[in-house]
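For reference, the structure discussed in these notes is given below.
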Amino acid sequence: IPESGHKYYLQFSTEDYRTGEDAGNCLATVLYPKKKSPPVVSIKCSHTKDQKEIQEEDNRLYQRIRHQSKPITGSNIPDSYGNIEPALEPVWALAVAGSSSIMWEKSTETLGYFLAQVKSVRQWIRKDNFTEFDYTVLLHEIPTQEMISCHMRLMWLPGHPLKVKHFCASESHGVDEGSGAESGSAAAPAAGKGANF
């Protein structure tokens, strides 16, 4: 599209990330603007699971996290053999969801990302019903094969959007500007762009 960028029309199927079961089909348009900014995405999906079943799964995951006797901590998830301890599966699932928002912000027409590993995770105990975690994640950059380290703070409560704040650093790129206090961010009101966690 002259003066705007490149627009792509996509049709694809989705699957449940844990079970591999068919989760539905999607139609999407993706516009990569000429100026450096995240892609503009419009998406419509037909789901094979009904909304009630999805909410029940979310609530089961949430209850597992909330009923821990002490804050969850972990490192190197999955381990060097690709294994994830059953007790750490909920924090891995949240890392997959949270890091997808980082990948969306950082992706371009020529660069893509995959979550390679959670280097560390720590749960924060809150007085309200939200769950909150600090993560250090490694993203695999394609096609450069570089590993990008990102710090991510994530807040979640079933029925509410996931709130993610992050900053990323890499040897060749220096420190990238992270997310700020815009809508959907987990930033405190006084925190600005690039604020320390």
Side-chain angles (χ1 to χ4, degrees), residues 14-19 23 26 37-39 41 43 45 54-55 57-66 68 71-79 82 84-108 111-126 128-142 146-170 173 175-188 191-197:
T14 61
E15 63 180 36
D16 186 296
Y17 120 89
R18 283 183 310 102
T19 65
C26 299
S37 61
V41 178
I43 188 165
C45 297
I54 292 168
Q55 288 171 346
E57 285 182 11
D58 280 355
N59 283 326
R60 280 194 295 273
L61 182 69
Y62 176 76
Q63 293 304 327
R64 277 184 69 186
I65 292 169
R66 291 293 284 191
Q68 299 286 329
I72 300 170
T73 60
S75 60
N76 299 322
I77 309 164
D79 64 20
I84 299 173
E85 289 178 42
L88 295 175
E89 284 175 2
V91 293
W92 171 254
L94 287 174
V96 169
S99 64
S100 67
S101 71
I102 301 173
M103 293 184 270
W104 172 76
E105 272 191 37
K106 291 179 69 58
S107 291
T108 67
L111 283 179
Y113 298 87
F114 295 95
L115 175 61
Q117 188 178 49
V118 171
K119 289 307 289 177
S120 65
V121 60
R122 175 183 170 199
Q123 182 181 12
W124 293 93
I125 300 302
R126 298 176 54 93
D128 60 16
N129 290 327
F130 279 85
T131 59
E132 184 172 359
F133 293 89
D134 265 337
Y135 286 91
T136 299
V137 296
L138 289 180
L139 302 182
H140 186 193
E141 187 176 83
I142 305 295
E146 187 174 352
M147 294 303 251
I148 310 294
S149 177
C150 297
H151 182 88
M152 173 172 73
R153 179 161 288 176
L154 180 149
M155 287 175 41
W156 178 61
L157 179 65
H160 294 75
L162 197 64
K163 296 180 182 182
V164 178
K165 184 177 177 189
H166 75 276
F167 67 83
C168 299
S170 69
H173 300 135
V175 174
D176 290 338
E177 198 168 286
S179 61
E182 68 277 355
S183 175
S185 170
K193 271 199 178 298
N196 292 329
F197 286 88

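This is a predicted model, so every value here is computed, not measured.
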Roughly how far, to the nearest 0.5 Å, is CE of M155 from NZ of K163?
-> 4.5 Å

Audit row: S101, L162, side-chain contact (heavy atoms from CB on, under 4.5 Å) steps and yes/no | CA-CA 9 Å; S101 71; L162 197 64; over 6 Å; no

Fit a plane to each ring of F167 and H151, take the angle between them on a 0 to 90° scale, and name the class: parallel (under 30°), tilted (30 to 60°) or perpendicular (over 60°).
-> parallel

Can I102 and I148 be said to form a side-chain contact (heavy atoms from CB on, under 4.5 Å), step by step?
-> CA-CA 11 Å; I102 301 173; I148 310 294; over 6 Å; no

Please say which of S99, S100, S107 ends up in a side chain to side chain contact (heavy atoms under 4.5 Å, CB included) with Y113.
-> S107

With a 4.5 Å heavy-atom cut-off, do N76 and K119 have their side chains touching?
-> yes

Can you tell me how far the NE2 atom of H166 sits from the OH atom of Y135, to the nearest 0.5 Å?
-> 15.5 Å

Assess whether side-chain contact (heavy atoms from CB on, under 4.5 Å) is satisfied between N129 and R66, documenting all intermediate values.
-> CA-CA 9 Å; N129 290 327; R66 291 293 284 191; 3.8 Å; yes

With sequence neighbours left out, the residues meeting side-chain contact (heavy atoms from CB on, under 4.5 Å) with D79 are Y81, N83

Which atom of A95 lies closest to which atom of V118, heavy atoms considered = CB-CG2, 3.6 Å

Within a strict 4.5 Å, meaning less than it, do heavy atoms of the L94 and I65 side chains meet?
-> yes

Which heavy atom in C150 sits nearest to a heavy atom in L139, and how many Å separate them?
-> SG-CD1, 3.9 Å

Does P78 offer a backbone N or O that forms a donor-acceptor pair with the side chain of Q117 under 3.5 Å?
-> yes

Can you name the nearest heavy-atom pair linking I77 to W92, along with the distance?
-> O-CZ3, 3.3 Å

From W156 atom CH2 to L61 atom CG, the distance as rounded to the nearest 0.5 Å | 4.5 Å

Please test R153 against W124 for side-chain contact (heavy atoms from CB on, under 4.5 Å), starting from the C-alpha separation and ending with a verdict.
-> CA-CA 10 Å; R153 179 161 288 176; W124 293 93; 3.6 Å; yes

Contact summary for K106 and C168, nearest pair of heavy atoms | CD-SG, 4.0 Å

Those residues that, when tested against F130, pass ring pair (Phe, Tyr, Trp, His ring centres under 6.0 Å) (two or more places apart) | H160

How many angstroms lie between CD in Q63 and CD in Q68, if you round to the nearest 0.5 Å?
-> 11.5 Å

So, for P158 and N59, which heavy atoms are closest and what is the spacing to 0.1 Å?
-> CB-OD1, 3.5 Å

Side chain to side chain, E105 and V164, heavy atoms closer than 4.5 Å = no

Can you tell me how far CG of L111 sits from CD1 of I142, rounded to the nearest 0.5 angstrom?
-> 9.5 Å

What distance do I125 atom CD1 and E132 atom CD have between them, rounded to the nearest 0.5 Å?
-> 10.0 Å

Centres of the F114 and H140 rings: under 6.0 Å?
-> no

By side-chain hydrogen bond (donor to acceptor under 3.5 Å, both in side chains), which residues pair with E85, not counting sequence neighbours?
-> none

